[in-house]
Amino acid sequence: MSSEPVNVNDFKELARNALPKIYYDYYAGGAEDEHTLRENIQAFHRITIRPRVLVDVSQIDMSTTILGYPISAPILLAPTSAHKLAIPEGELATARAAAAANTIMILSYSSTCSMEEVASSCNAVRFFQLHISKRRDISALLVQRAERFGYKAIVLTADTPRLGRREADIRNKMIGFPVKNLEGLMSIDVESDQGSKLEAYYNELLDASIRWEDIGWLRSITNLPILIKGILTHEDATKAVEAGVDGIIVSNHGARQLDFAPATVSVLEEVVDAVKGKVAVLLDGGVRRGTDVFKAVALGAQAVLIGRPVLFGLAAKGEGGVRTVLEMLKNELEISMALSGCPCIKDITRSHVRTPYDKLPSML
């Protein structure tokens, strides 16, 4: 392959060559047999686009808003851990790339730069991802810090009562990395001879007792909007709306938690139908092409989140790599919209796609 990538997928091999195997496997790997990891991507391939022709597409407008914040295209940066494993600047470089692309970065709870460092790196809208730890006082302090330093929403990750079984990390005996946001607040020393010390660390840290009632607790300590990440069913989407969240992120944690959980795009409509337009719905998982963004929007997502492509771009070419990844996806989305007869985002409708669950029109 040429050293200059022509699409987002090309960055994966560049990152493989740039990173130590243990770090590449940490970024790229999924849970157990990695069935869901493959399905997140392949499920998009089973959705076809139904283009319209003879529409004026001389001007394409990809801009949209999330929770009232304008962004250049319906593409956000997902919360992903440990960017300093990719390059020394870590999340600071990623944040600058997101700001340059005029989009929103969701900073990971497990970032290797602190939320304060990222906030001071550039002027942009950012959200903060939260895991609820066994020590609620520390979770509350993180939320208060995020609010104080200008983060505009809290993204509560709900699918990690325990860490999934990530066998690449077990084989590599993946070690922990400094969770910068917890520095000076807590230290967990774990010993594990069974494989990944990272898994042992997070199982000591994360609170497996969290319930729907804890949304009320979170609401009581912040005025920020709350999005819940990790919803995959109609039932949980309904409960999320009843709990008063401001948005839902349809996500299987990048296929890193429960293997054989459904591909996110395959359950997107189920969640959209459940919320009935009451809250924003975003999609996380498997987005590798502008056509994937188009399909997700057609099925009811307000925007998508991208995770691994950002990490691969960062590892391969630093801040410029992340900028290129975002530009590639935006360029592909623009072409997809033009060739489908959709001058702006609101023109993309359910009638523009056909899924495996749709009945073919009767042949009369």
Side-chain angles (χ1 to χ4, degrees), residues 31 36 78-81 106-111 115 127-147 151 153-166 176 179-182 185-188 190 196 198-262 264 267 271 274-275 278-285 305 307:
T36 299
T80 49
S81 301
I106 304 174
L107 182 68
S108 172
Y109 173 94
S110 303
S111 61
M115 67 176 80
F127 299 166
F128 179 70
Q129 178 217 18
L130 179 72
H131 291 281
I132 293 182
S133 66
K134 291 175 181 177
R135 286 190 52 184
R136 295 296 175 90
D137 60 323
I138 288 178
S139 295
L141 181 59
L142 292 175
V143 170
Q144 291 159 7
R145 282 169 57 191
E147 193 162 359
Y151 290 77
I154 299 297
V155 176
L156 175 64
T157 294
D159 58 4
T160 53
R162 293 182 60 180
L163 217 61
R165 184 175 171 81
R166 303 166 190 176
V179 178
K180 191 72 172 179
N181 291 313
L182 296 178
L185 298 178
M186 64 188 304
S187 175
I188 299 175
V190 296
S196 170
L198 193 67
E199 180 181 352
Y201 174 86
Y202 276 101
N203 286 341
E204 286 294 318
L205 174 67
L206 301 175
D207 187 353
S209 73
I210 59 170
R211 302 179 300 163
W212 285 105
E213 290 80 1
D214 291 310
I215 301 291
W217 168 78
L218 183 57
R219 177 68 67 199
S220 74
I221 63 170
T222 183
N223 294 316
L224 294 177
I226 297 169
L227 295 89
I228 186 166
K229 179 174 177 283
I231 300 294
L232 292 170
T233 65
H234 180 284
E235 294 89 341
D236 279 350
T238 301
K239 287 182 178 180
V241 173
E242 291 171 351
V245 303
D246 300 282
I248 287 172
I249 301 175
V250 180
S251 173
N252 53 34
H253 211 97
R256 295 162 70 82
Q257 283 297 98
L258 177 65
D259 202 17
F260 289 91
T264 49
V267 295
V271 172
V275 306
K278 295 176 182 176
V279 301
V281 177
L282 291 77
L283 176 106
D284 169 57
L305 278 58

Neighbour count above 12 (heavy atom, 6.0 Å) for Lys134 NZ
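Above 12, so yes.
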Are any side-chain N or O atoms of [X] and backbone N or O atoms of [Y], one a donor and one an acceptor, separated by less than 3.5 Å?
| X | Y | answer |
| --- | --- | --- |
| Asn181 | Met115 | yes |
| Ser81 | Ser111 | no |
| Ser139 | Ser133 | yes |
| Thr36 | Ala261 | yes |
| Asp246 | Leu227 | no |
| Thr264 | Val250 | no |

When rounded to the nearest 0.5 angstrom, what is the spacing between [atom1] in [X] and [atom2] in [Y]?
| X | Y | atom1 | atom2 | value |
| --- | --- | --- | --- | --- |
| Arg135 | Leu205 | CZ | CG | 10.5 Å |
| Leu224 | Gln144 | CG | CD | 11.0 Å |
| Trp217 | Thr222 | CH2 | OG1 | 10.5 Å |
| Arg219 | Ile221 | CZ | CD1 | 11.0 Å |

Measure across [X] and [Y] and return the closest heavy-atom pair with its distance rounded to 0.1 Å.
| X | Y | value |
| --- | --- | --- |
| Lys229 | Pro79 | CE-CG, 4.0 Å |
| Ala237 | Ala274 | CB-CB, 3.8 Å |
| Gln129 | Thr157 | NE2-OG1, 2.9 Å |
| Ile154 | Ala146 | CD1-CB, 4.1 Å |
| Leu185 | Arg145 | CD1-NH1, 3.7 Å |
| Ser251 | Asp284 | OG-OD2, 2.6 Å |

Close side-chain approach of [X] and [Y], heavy atoms under 4.5 Å:
| X | Y | answer |
| --- | --- | --- |
| Asp214 | Arg211 | yes |
| Trp212 | Ile228 | yes |
| Leu130 | Ile226 | no |
| Thr160 | Tyr109 | no |
| Ile248 | Lys278 | no |
| Leu142 | Leu182 | yes |

Please test Ile215 against Leu156 for side chain to side chain contact (heavy atoms under 4.5 Å, CB included), starting from the C-alpha separation and ending with a verdict.
CA-CA 9 Å; Ile215 301 291; Leu156 175 64; 3.5 Å; yes
Do Arg256 and Asp159 meet the salt-bridge criterion of a basic N to acidic O distance under 4.0 Å?
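Arg256 and Asp159: not salt-bridged.
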Under a 3.5 Å threshold, yes or no: a donor from one side chain and an acceptor from the other, between Gln257 and Arg165?
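Gln257 vs Arg165: no donor-acceptor pair found between side chains.
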Is the ring pair His131/His253 parallel, tilted or perpendicular, if the boundaries are 30 and 60 degrees?
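Plane angle between 30° and 60°, so tilted.
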Under the side chain to side chain contact (heavy atoms under 4.5 Å, CB included) criterion, do Thr233 and Val267 qualify, and how do the steps go?
CA-CA 7 Å; Thr233 65; Val267 295; over 6 Å; no
